[in-house]
Protein chains: 2
Amino acid sequence: MRELVKAFKALSDETRLRILNLLLERECCVCEVMQALDISQTRASRNLSALYDAGFLKLRKDGLWSLYSIDQEGMKEYLPYLVDAVRKALEGNEVVALDRGRLRKAERVGPGCGQQAMK
Amino acid sequence: MRELVKAFKALSDETRLRILNLLLERECCVCEVMQALDISQTRASRNLSALYDAGFLKLRKDGLWSLYSIDQEGMKEYLPYLVDAVRKALEGNEVVALDRGRLRKAERVGPGCGQQAMK
DNA sequence: AAGCTATAAGCGAAAATGCGCATATAAGCT
DNA sequence: AGCTTATATGCGCATTTTCGCTTATAGCTT
């Protein structure tokens, strides 16, 4: 769960999506990412790290360069959850109408839904 | 793009994933969500709103209740991007080795990669 | 009408996030 | 060795997010 949240968090940033999009085309060093997207070195490096930590990227060092690329294996790990949740939703496992009666006063354990002890 | 970021942002929170998971089973009112997940009313309401704003949920009012459920249509909207990006990644459009030579001094436009004017 | 109930929203505090600046580290070049 | 370059990271600040407390709103119930 925590992993999944982390993955989504990594995807919920425009810069990182742009980076991901760039890397979908080809492997890049921090340097290229920063040039291609016209962002600072710090920003490129930090966001690449974030994507890496989330398991989206693979890192290969070559001399001075840190070469990042999409990590197909990493993707495979979290993907099932994501796709599964989405597929279920799309299939629309018939939304069952609830017997809302069980929420009424009589059946409530504590102060019922109303957690607020109104004055 | 902004929409996609928003969608991912909505998914990058444990509470919201739990809510989504609950709603995948059945339509629920704020009340039920808050009981099922043992969270405050404010928290349930706010996070449901977030998911709703991101286009994941459908809202149906019935008397006092706000009944939320997965919005299959909404899902369909952003899904293509998501699935597409992921699919591309998994297919692994052959990572092309770059001619890193183009990064070398001679070809650089400005101060090259090195944006930092070192002392 | 009076009171209760489910939900939303304003406000403020705490926590998380993003990022620039400066610096550290490591590797290549001369 | 000394300089240059690519990348990572500590620090601090600004912005955003989260969430509880409180209150407003609207729809039941009696």
Side-chain angles (χ1 to χ4, degrees), chain A residues 5-6 8-19 28-35 37-54 57 59-68 98 100-101 103-108 110-119, chain B residues 5-6 8-19 28-35 37-54 57 59-68 98 100-101 103-108 110-119:
Chain A
V5 169
K6 195 174 180 183
F8 281 129
K9 202 160 280 186
L11 294 173
S12 55
D13 176 275
E14 187 159 350
T15 299
R16 286 193 290 275
L17 284 188
R18 290 175 65 206
I19 288 178
C28 287
C29 61
V30 179
C31 204
E32 289 173 301
V33 170
M34 106 191 206
Q35 285 179 356
L37 306 188
D38 191 32
I39 56 181
S40 75
Q41 185 268 326
T42 301
R43 198 166 168 182
S45 176
R46 285 245 169 73
N47 284 304
L48 278 164
S49 284
L51 287 170
Y52 179 83
D53 290 340
L57 305 184
L59 172 57
R60 179 168 73 87
K61 299 268 192 160
D62 177 19
L64 277 180
W65 295 291
S66 285
L67 301 163
Y68 288 95
L98 283 176
R100 217 146 302 279
L103 282 177
R104 294 190 178 281
K105 212 162 192 176
E107 292 95 331
R108 289 192 200 118
C113 298
Q115 80 301 352
Q116 28 191 5
M118 306 230 163
K119 60 167 178 290
Chain B
V5 169
K6 194 175 179 182
F8 281 128
K9 202 161 281 186
L11 295 174
S12 54
D13 177 275
E14 187 159 349
T15 299
R16 286 192 290 276
L17 284 188
R18 290 175 66 204
I19 289 179
C28 287
C29 63
V30 180
C31 204
E32 291 174 300
V33 170
M34 111 191 201
Q35 286 178 353
L37 305 189
D38 190 34
I39 55 180
S40 74
Q41 186 269 325
T42 301
R43 197 166 170 182
S45 176
R46 285 244 170 75
N47 284 302
L48 278 164
S49 285
L51 286 170
Y52 178 83
D53 289 341
L57 305 183
L59 171 58
R60 180 169 74 86
K61 299 267 193 162
D62 176 19
L64 277 180
W65 295 291
S66 284
L67 301 162
Y68 288 95
L98 282 177
R100 217 146 302 280
L103 281 177
R104 296 190 175 281
K105 215 162 192 176
E107 292 95 332
R108 289 191 200 118
C113 298
Q115 81 302 351
Q116 26 190 8
M118 306 229 162
K119 57 166 180 289

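In what follows, chains carry the letters A, B, and so on, assigned in the order in which the sequence lines appear, proteins first and then strands, with residues in each chain numbered from 1.
With hydrogens and angles left out, the side chain of Gln41(A) and the base of dA8(D) share a donor-acceptor pair within 3.5 Å. In terms of polar N and O atoms assigned as donor or acceptor, the side chain of Thr42(A) comes within less than 3.5 Å of the base of dC21(C) in a complementary pairing.
Residue-level contact check: Ser66(A) touches the backbone only, with heavy atoms under 4.0 Å from sugar-phosphate atoms and none from bases. At a threshold of 4.0 angstrom between heavy atoms, the contacts of Tyr52(B) with the nucleic acid are absent.
Rounding to whole angstrom units, CZ of residue Phe8(A) and C1' of dT17(D) are separated by 18 Å. For Met34(A) and dT7(D), the CE to P distance is 8 Å, given to the nearest whole Å. One interatomic measurement links the two molecules: NZ of Lys6(B) to P of dT17(D), which rounds to 11 Å at whole-angstrom precision. For Asp38(A) and dC19(C), the CG to P distance is 13 Å, given to the nearest whole Å. For the pair Trp65(A) CH2 and dT4(D) C1', the interatomic distance rounds to 13 Å; values are reported in whole Å. The separation between Asp62(B) atom CG and dG27(D) atom C1' is 11 Å, rounded to whole Å. Atom CG of Leu67(A) is separated from atom P of dA27(C) by 14 Å (rounded to the nearest Å).
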Distances for protein N/O vs nucleotides 12-18 of chain C N/O pairs under 3.5 angstrom?
from, atom 1, to, atom 2, distance (Å)
dT17(C), OP1, Lys9(A), NZ, 3.2
dG18(C), OP1, Arg16(A), NH1, 3.4
dG18(C), OP1, Arg16(A), NH2, 2.8

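Two residues are said to be in side-chain contact when any heavy atoms from C-beta on lie closer than 4.5 Å; Tyr68(A) and Leu51(A) fail this criterion.
Nearer to the 5' terminus of DNA chain C, by closest-nucleotide assignment, is the contact made by Lys61(B) (compared with the other of Lys61(B) and Arg46(A)). Between Leu64(A) and Leu59(B), it is Leu59(B) whose nearest contact on DNA chain C lies nearer the 5' terminus.
The backbone N or O of Asp38(B) lies less than 3.5 Å from no partner atom in the side chain of Arg43(B), so there is not a single donor-acceptor pair. In terms of modelled atom types and a separation under 3.5 Å, the side chain of Ser45(B) and the main chain of Thr42(B) share no donor-acceptor contact.
Under 4.0 angstrom from either OP1 or OP2 of dA8(C) there lies at least one side-chain N or O belonging to Tyr68(B). Distances shorter than 4.0 Å separate none of the side-chain N or O atoms of Ser45(B) from OP1 or OP2 on dT7(C).
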Trace of the side-chain contact (heavy atoms from CB on, under 4.5 Å) decision for Leu59(A) with Ser66(A)
CA-CA 7 Å; Leu59(A) 172 57; Ser66(A) 285; 3.8 Å; yes

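Atom OG1 of Thr15(A) and atom CG of Asn47(A) lie 5.5 Å apart (nearest 0.5 Å). Here CD of Gln41(A) is found 12.0 Å from CD of Gln35(A). Values are rounded to the nearest 0.5 Å.
Arg16(A) and Ala50(A) get closest at one heavy-atom pair: CD-CB, 3.9 Å.
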